[in-house]
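Quick caveat, the model's predicted, so the values are computed rather than measured.
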Amino acid sequence: MIIDAHAHIMTAVRGQTATGATRSLSWGRVRWGDEAIQLLPPFNETTSFSAEALLAQMDWAGVDRAVLLQGPFYGEANAYVASAVKRWPDRFLGAFAPDPRAPDVERQFDQCVDEYGFRVVKFELTETTGLTGHYPDLDIDSAEFHWIYEEAQRRNLVVTFDLGKPGSASYQTDNVAAVARRYPALNIVIAHLAQPPIARPDNDALNADWAGQILLGRLPNVHFDTSALPAYASNYDEYPYVLAQDYIRRAVELIGADKIMWGTDVPGLLTSGSYRQLLNMIRAHCAFLSAEQKAQILGRNAARVYWPA
């Protein structure tokens, strides 16, 4: 069983960030505020990544399941993600990304869980694309979040955090620890392996911040996914992504392989490698991992966290 614990689908990019709106252009490009960037490889005339496109990538690489996360950059796609989960319930698990300060957040929460059947609540906190960019005072261990955690724990949902990079206002390690201890039956996933400083691997302060967040994995209900790691290098880490592999090794030494789940962050990561290469970074490389550890990271851990019996 191989599971991609961090993927995205969308018919078009139509998000909103602190630096401006995001809108699909053509041939993999999107407009982000006043700039145009190459978000995806130039696969299609319209910049999109459908459920069928993800399934084709998964089948080609031999991936069985994927967790469909959402975030402000791509834009809300609840109905589309729900339709994909309904059509392929054995392949996809759905997530939604609520804004805790939206006036109708409780209605959205109930609709996403009760009507759409989503089992994951995702909070993107990053300053560039997430909630702290809009709300600099945001505290994920505040009352405006507590009712969501309580409901998620009661309904056996997973909460996934994208906490941004070390040193940023969104990198709220202590607050995550407080939430994890307050809600011990709530499974928490931190995306991007806590965003290691791959572009600055010799920066002691950043490495210390990163290791401090990774150590949250010693709490029984905190886990990590490995999505997007190649993209954090200065000029995109070339396959087989040896810098990313080194931080996976460090994380395994700190918290064990049973707390880490493979994820890609496609489609955005397809500009730094093929889907098979993103998988083979672990499947064919990471020589420091045993066969058992690879099996855990590639699927067994995600099955336990996201598909509990």
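With salt bridges taken as basic N to acidic carboxylate O contacts below 4.0 Å, none links R250 and E253.
Atom CZ in F118 sits 9.5 Å away from atom CG in L93 (nearest 0.5 Å). Interatomic distance, E106 CD to E151 CD, rounded to the nearest 0.5 Å: 8.5 Å. Distance CG/L163 to CD/Q195: 9.5 Å, rounded to 0.5 Å. We find the CG-CG distance between L125 and D139 to be 10.0 Å, quoted to the nearest 0.5 Å. Going from atom CG of D265 over to atom OG of S272 covers 9.5 Å, rounded to the nearest 0.5 Å. Here CD1 of I198 is found 11.5 Å from NE2 of H192. Values are rounded to the nearest 0.5 Å.
Of all heavy-atom pairs between L25 and V30, the closest is CD1-C, 3.7 Å. When all heavy atoms of A79 and Y116 are compared, the pair lying nearest together is CB-OH, 3.9 Å. Contact detail for Y232 and P196: the closest heavy-atom pair is CB-O, 4.2 Å. Heavy atoms only, all atoms of each residue included: W307 and A66 are closest at CH2-O, 4.1 Å. Here the closest non-hydrogen pair linking S168 and E127 is CB-OE1, 3.3 Å.
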Apply side-chain contact (heavy atoms from CB on, under 4.5 Å) to residues L157 and V120 and explain how you reach the verdict. CA-CA 6 Å; L157 310 180; V120 185; over 6 Å; no
Given the rule in the side-chain contact (heavy atoms from CB on, under 4.5 Å) test, do E150 and Y183 qualify, once you have shown the distances and angles that lead to the verdict? CA-CA 7 Å; E150 290 167 3; Y183 304 99; 3.4 Å; yes
Decide yes or no on side chain to side chain donor-acceptor pair (under 3.5 Å) for D99 and Y135, but give the supporting numbers first. CA-CA 10 Å; D99 178 343; Y135 312 123; 2.7 Å; yes
Quick one: do R182 and D141 satisfy salt bridge (Lys or Arg N to Asp or Glu O under 4.0 Å)? Show the steps, please. CA-CA 10 Å; R182 185 176 293 109; D141 186 29; 2.4 Å; yes
Evaluate the criterion side-chain contact (heavy atoms from CB on, under 4.5 Å) for residue pair L279 and L298; output intermediate values, then yes/no. CA-CA 8 Å; L279 172 58; L298 289 175; 3.6 Å; yes
Does the side chain to side chain donor-acceptor pair (under 3.5 Å) test come out yes or no for R200 and N207, once each step is laid out? CA-CA 9 Å; R200 303 174 67 185; N207 278 302; over 6 Å; no
D110 vs R155, salt bridge (Lys or Arg N to Asp or Glu O under 4.0 Å): CA-CA, chis, key distance, verdict: CA-CA 11 Å; D110 290 340; R155 301 187 193 211; 3.2 Å; yes
Under the criterion side chain to side chain donor-acceptor pair (under 3.5 Å), I'd like the reasoning laid out for S26 against E45: C-alpha separation, chi angles, the key distance, then a yes or no. CA-CA 5 Å; S26 59; E45 186 171 359; over 6 Å; no
From CA spacing to verdict: side-chain contact (heavy atoms from CB on, under 4.5 Å), M261, R300: CA-CA 8 Å; M261 302 176 286; R300 194 175 301 161; over 6 Å; no
Derivation of the side chain to side chain donor-acceptor pair (under 3.5 Å) call for N187 and Y306: CA-CA 9 Å; N187 269 325; Y306 283 116; over 6 Å; no
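Other residues, nucleotides and ligands place no more than 12 heavy atoms under 6.0 Å from the CG atom of D204. More than 12 non-hydrogen atoms from other residues, nucleotides or ligands lie less than 6.0 angstrom from CG of D137. Open room surrounds CZ on R181; 12 or fewer heavy atoms of other groups in view lie less than 6.0 Å from it. Within a 6.0 Å sphere centred on NZ of K122, other residues, nucleotides and ligands contribute more than 12 heavy atoms. Open room surrounds CG on D174; 12 or fewer heavy atoms of other groups in view lie less than 6.0 Å from it.
Under the 3.5 Å distance criterion, with hydrogens and angles disregarded, a donor-acceptor pair is assigned to the side chains of T17 and T19. T129 and E124 share a donor-acceptor pair across their side chains, judged by distance under 3.5 Å alone. Side-chain N/O atoms of D225 and S227 include a donor and acceptor closer than 3.5 Å. The closest side-chain donor-acceptor pair between T173 and Q213 falls under 3.5 angstrom.
For the side-chain contact (heavy atoms from CB on, under 4.5 Å) test with F49, the passing option among V13, L54, T11, L39 is L54; the others fail. Screening I248, V63, I3 for a side-chain contact (heavy atoms from CB on, under 4.5 Å) involving W262 leaves a single residue, V63.
In terms of modelled atom types and a separation under 3.5 Å, the side chain of N301 and the main chain of Q296 share a donor-acceptor contact. Put simply, the side chain of T126 gets close to the backbone of G130: a donor and an acceptor are under 3.5 Å apart. Side chain of D64 to main chain of I2: a donor-acceptor pair is present (N/O by atom type, distance under 3.5 Å, no hydrogens or angles). Without hydrogens or angle criteria, W27 side chain to L40 main chain gives no donor-acceptor distance under 3.5 Å. Counting only distance, with no hydrogens or angles, the side chain of N221 and the backbone of L186 share a donor-acceptor pair below 3.5 Å. No donor-acceptor distance shorter than 3.5 angstrom exists from the side chain of K259 to the backbone of L216, with no hydrogens or angles considered. In this structure a side-chain-to-backbone donor-acceptor pair under 3.5 Å is missing from Q293 to A257. The closest donor-acceptor contact from the side chain of T264 to the backbone of V266 lies under 3.5 Å. Put simply, the side chain of T47 gets close to the backbone of R29: a donor and an acceptor are under 3.5 Å apart. The main-chain N or O of L206 is found under 3.5 Å from a side-chain atom of N203 such that the two form a donor-acceptor pair.
The aromatic ring centres of F96 and F109 sit less than 6.0 Å apart.
Using a 30° and 60° split on the angle between ring planes, H8 and Y74 fall in the tilted class, from 30° to 60°. Between Y241 and Y239, the angle of the ring planes goes over 60°, which puts this pair in the perpendicular group of the 30/60° scheme. Taking the six-membered ring where the residue is Trp, F145 and Y149 present parallel rings, their angle staying beneath 30° rather than reaching 60°.
By the criterion of side-chain heavy atoms lying less than 4.5 angstrom apart, applied directly or through intervening Ile, Leu, Val, Met, Phe, Trp or Tyr residues, I190 is grouped together with L131 in one hydrophobic cluster.
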